[in-house]
Amino acid sequence: MGSVILMQYVYLDNSATTKPCELSVKYTLDALENFWGNPSSLHMLGVLAEEKINEAKKCIADVLHCKEEEIVFTSGGTEANNTAIISAALKGKKRGNRIVTTEIEHPSVLETVKRLEEEGFEVVKLKPDKNGVIPAESIKNAITKDTILVSIMLVNNETGAIQPVETAAAAIKSVGAPALLHVDAVQAFGKMPINPSKLGVDLLTVSGHKIHASKGIGFLYIRKGVTIKPYITGGGQEKGMRSGTEPVPLIYGLLGAVKSLPNLENALKKQKELWNYAKQKLSDTGFVKINSSDECLPYIINISVPGYRSETLLHFLENEGIYVSSGSACAKGEGSYVLKSCGFDRKTIDSSLRISFSRDNTKEDIDALVSTLIKATERLQRSKI
C-alpha cells in the first residue's frame, strides 16, 4: 500500500496527538546519528548518550520546578500511569486498602484500578458535576484514614475540565491518610503552569506526543522522599526505577519539544482568546451545543450537533480536510463515558465531537471548521428529505 499524502488540512485533534515540532525532529535525528551509544556503557559513546538524558531531565525539571532526580523516563503516559498506580497500591497495602479515583479518568488509569479492585482493593470512583469537575466535597468525603492512593487527572482529555487536585492533597493531609497523590497531567503539561510541590502531588505523569514530541516517550515525576518499587525490572536503568536501555533519540526529541514550549502564562491567555472565538462562532450557528464549561483549559472544546451522529460528522469533516475526534482516541468510537458521567443525555453524547487545539491553530482554522459544519448539516439534512 502506497503512502497517503495529505494536502492542505486543518488539524484539530491535538488531544489525541500532536505533530512533532521542528526542534524535536531535529534533536531526534541528531541523537540517531550522533548519540546512539548505550547510556549505560562506560566509554565515550555511552557518556555522550547519558549526557543527553541528563540534559533533558534538567530542562524538564526547570519547567516543573522540581529536581532532576525526581524525573523517570517511561514509554509514555500509559506506562507512567500504570507504574504510579500499581507501585503506590503495593506500597500502601499494609496500611490500608482504599483507592480513590474518578469516573472520568483516562483508560490507562481506570483499567489499572479495575485490576487492583479484582485483586481485593476497595476502589471508590467519584462522579463529576455538570461542568465535568469533581466536587471538592466529594473528594473530602471519599478520603478516609485507610486511603492509600488518590488518582485524579489535572485536565480531562474530553472536556478540558480542570480538576481540584489541591483539594485532594489537603484532604489527605487533613485526615492523616497514608495515601500518595497521583496526578495524570498528560493533557496539562506544556499548556498550563504546573508545580507538583505546590499542588501537593507525589506522582505525576506526562506523555511526549501531546506536546509535539514523538510517541513512545514520557515521564513519571516521583517526589523526592517517596519510595515506590519499580514496575518494570531488569538492568536497573533510571536509578532502578525503570529498567530497559533508554531510548536516547526519543528522550532528546522530548527535550526539543520542551525547549520549544512558549511562556505558558502568555500562551494560555492567547489560547483563551482562540477558545472564546471558537465558542462564539460555533454558538452562532444556532445548532451547535457547547459541552465544555468556560472554566476548562482552553485547549479543548467539546461540542454536540444534536440530530447528527458523531461518526457521520467526523468523516464529513475529514473529507473536507478537517480533523477532529468523536471523543477520546482510546475510546475507539464508543460512546463517551466521560460525557455520560457528567450527566449528558444520549442524543448529546451520540452527536459529540472533541475539538482540541495546539499553539499552531488559528482563527482561520475555526472559520474553516464552522463553515464545514454548516455545509455538513445542510447536505445531510437534504439527504434525509
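All figures in this text were calculated on a predicted structure; none of them were measured in a lab.
For the residue pair Asn54 and Glu50, no side-chain donor N or O sits within less than 3.5 Å of a side-chain acceptor on the partner. For the residue pair Thr112/Asn82, the side-chain donor-acceptor check at 3.5 Å is satisfied. Side-chain atoms of Asp367 and Tyr277 form a donor-acceptor pair, as typed in the model, at a separation below 3.5 Å. Donor-acceptor pairing under 3.5 Å is recorded for the side chains of Asn81 and Thr205. Side-chain atoms of Thr102 and Lys125 include no donor-acceptor pair closer than 3.5 Å.
Counted within 6.0 Å of NZ on Lys272, heavy atoms from surrounding residues, nucleotides or ligands total more than 12; the atom is thus considered enclosed. Around the NZ atom of Lys269, the shell of radius 6.0 Å holds no more than 12 heavy atoms that belong to other residues, nucleotides or ligands. Residue-environment remark: CD (Glu119) exceeds the threshold of 12 foreign heavy atoms within 6.0 Å. Residue Glu69 qualifies as enclosed at atom CD: its count of foreign heavy atoms under 6.0 Å is above 12.
Ion pair Lys279/Asp294 flagged as a salt bridge, since at least one NZ, NE, NH1 or NH2 atom sits closer than 4.0 Å to an Asp/Glu carboxylate oxygen. Ion pairing of Lys224 with Glu70 is absent here, as no side-chain N (NZ or NE/NH1/NH2) approaches a carboxylate O to less than 4.0 Å. With respect to the salt-bridge test (charged N to carboxylate O, under 4.0 angstrom), the residues Lys58 and Asp62 qualify. Comment: Arg354 does not engage Glu158 in a salt bridge, judged by the lack of any side-chain N to carboxylate O separation of less than 4.0 angstrom. Ion pairing between Lys57 and Glu238 holds under the 4.0 Å rule for side-chain N and carboxylate O. A salt bridge links Glu55 to Lys52: at least one charged side-chain nitrogen sits closer than 4.0 Å to a carboxylate oxygen.
Taking the six-membered ring for Trp and the full ring otherwise, the centers of Phe357 and Tyr11 sit at least 6.0 Å from each other. Two rings, from Tyr252 and Tyr27, have their centers less than 6.0 Å apart.
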Checklist entry - Taking it one step at a time, do Glu79 and Tyr231 satisfy side-chain hydrogen bond (donor to acceptor under 3.5 Å, both in side chains)? => result CA-CA 9 Å; Glu79 183 196 320; Tyr231 178 63; over 6 Å; no
Next on the checklist: Using side-chain hydrogen bond (donor to acceptor under 3.5 Å, both in side chains), reason through Asn291 and Ser304 one step at a time and then give a plain yes or no.
Outcome noted: CA-CA 7 Å; Asn291 299 327; Ser304 290; 2.9 Å; yes
Next on the checklist: The test is side-chain hydrogen bond (donor to acceptor under 3.5 Å, both in side chains); show your working for Asn276 and Gln280 and say whether it passes.
Outcome noted: CA-CA 6 Å; Asn276 287 337; Gln280 189 62 56; over 6 Å; no
Checklist entry - Is there a side chain to side chain contact (heavy atoms under 4.5 Å, CB included) between Tyr9 and Ile322 once you walk through the steps? => result CA-CA 6 Å; Tyr9 62 89; Ile322 296 175; over 6 Å; no
Next on the checklist: Lys270 vs Asn266, test: side chain to side chain contact (heavy atoms under 4.5 Å, CB included). Steps then yes/no.
Outcome noted: CA-CA 6 Å; Lys270 181 180 176 183; Asn266 292 340; over 6 Å; no
Next on the checklist: Using the rule given for side-chain hydrogen bond (donor to acceptor under 3.5 Å, both in side chains), can you reason through Asp146 versus Thr144, listing the C-alpha separation, both sets of side-chain angles and the distance that settles it, and then say yes or no?
Outcome noted: CA-CA 5 Å; Asp146 61 344; Thr144 57; 2.4 Å; yes
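Between Lys229 and Ser87, every side-chain heavy-atom pair lies at or beyond the 4.5 Å cut-off. Here the side chains of Ile290 and Ser283 are in contact, with some heavy-atom distance below 4.5 Å. Inter-residue side-chain proximity for Thr227 and Lys91 is flagged as met; some heavy-atom pair is nearer than 4.5 Å. Between Ile71 and Leu64 the shortest side-chain heavy-atom distance falls below 4.5 Å.
With hydrogens and angles disregarded, no donor-acceptor distance shorter than 3.5 Å links the side chain of Ser341 to the backbone of Val338. With hydrogens and angles disregarded, a donor-acceptor distance shorter than 3.5 Å links the side chain of Ser24 to the backbone of Gly253. One N or O on the side chain of Ser260 and one on the backbone of Gly256 form a donor-acceptor pair closer than 3.5 Å. Side-chain atoms of Glu105 come within 3.5 Å of backbone atoms of Met153 as a donor-acceptor pair (strictly under, hydrogens ignored). Distance alone, capped at 3.5 Å, is enough to place a donor-acceptor pair between the Ser351 side chain and the Lys347 backbone. The backbone N or O of Phe316 sits nowhere less than 3.5 Å from a side-chain atom of Asn319 that would complete a donor-acceptor pair. Looking at Asp129, its side chain never comes within 3.5 Å of a backbone N or O of Pro135 through a donor-acceptor pair.
With sequence neighbours excluded, no residue satisfies salt bridge (Lys or Arg N to Asp or Glu O under 4.0 Å) with Lys140.
Residue Asn34 comes nearest to Asp30 through the heavy atom pair ND2-OD1, 2.6 Å, listed as atom of the first residue, atom of the second, then distance. Heavy-atom minimum distance, Thr159 versus Asn156: N-OD1, 3.0 Å. In terms of heavy atoms, Thr101 sits closest to Ser151 at OG1-O, 2.8 Å. Across all non-hydrogen atoms, the minimal contact from Leu180 to Ala88 is CD1-CB, 3.9 Å. The shortest heavy-atom contact between Lys210 and Thr18 is O-CG2, 3.4 Å. Pairing each heavy atom of Leu297 with each of Gln187, the nearest pair is CD2-O, 3.6 Å.
Under the side-chain contact (heavy atoms from CB on, under 4.5 Å) rule, Ile232 has a single partner from Arg242, Met241, Gln237, which is Arg242.
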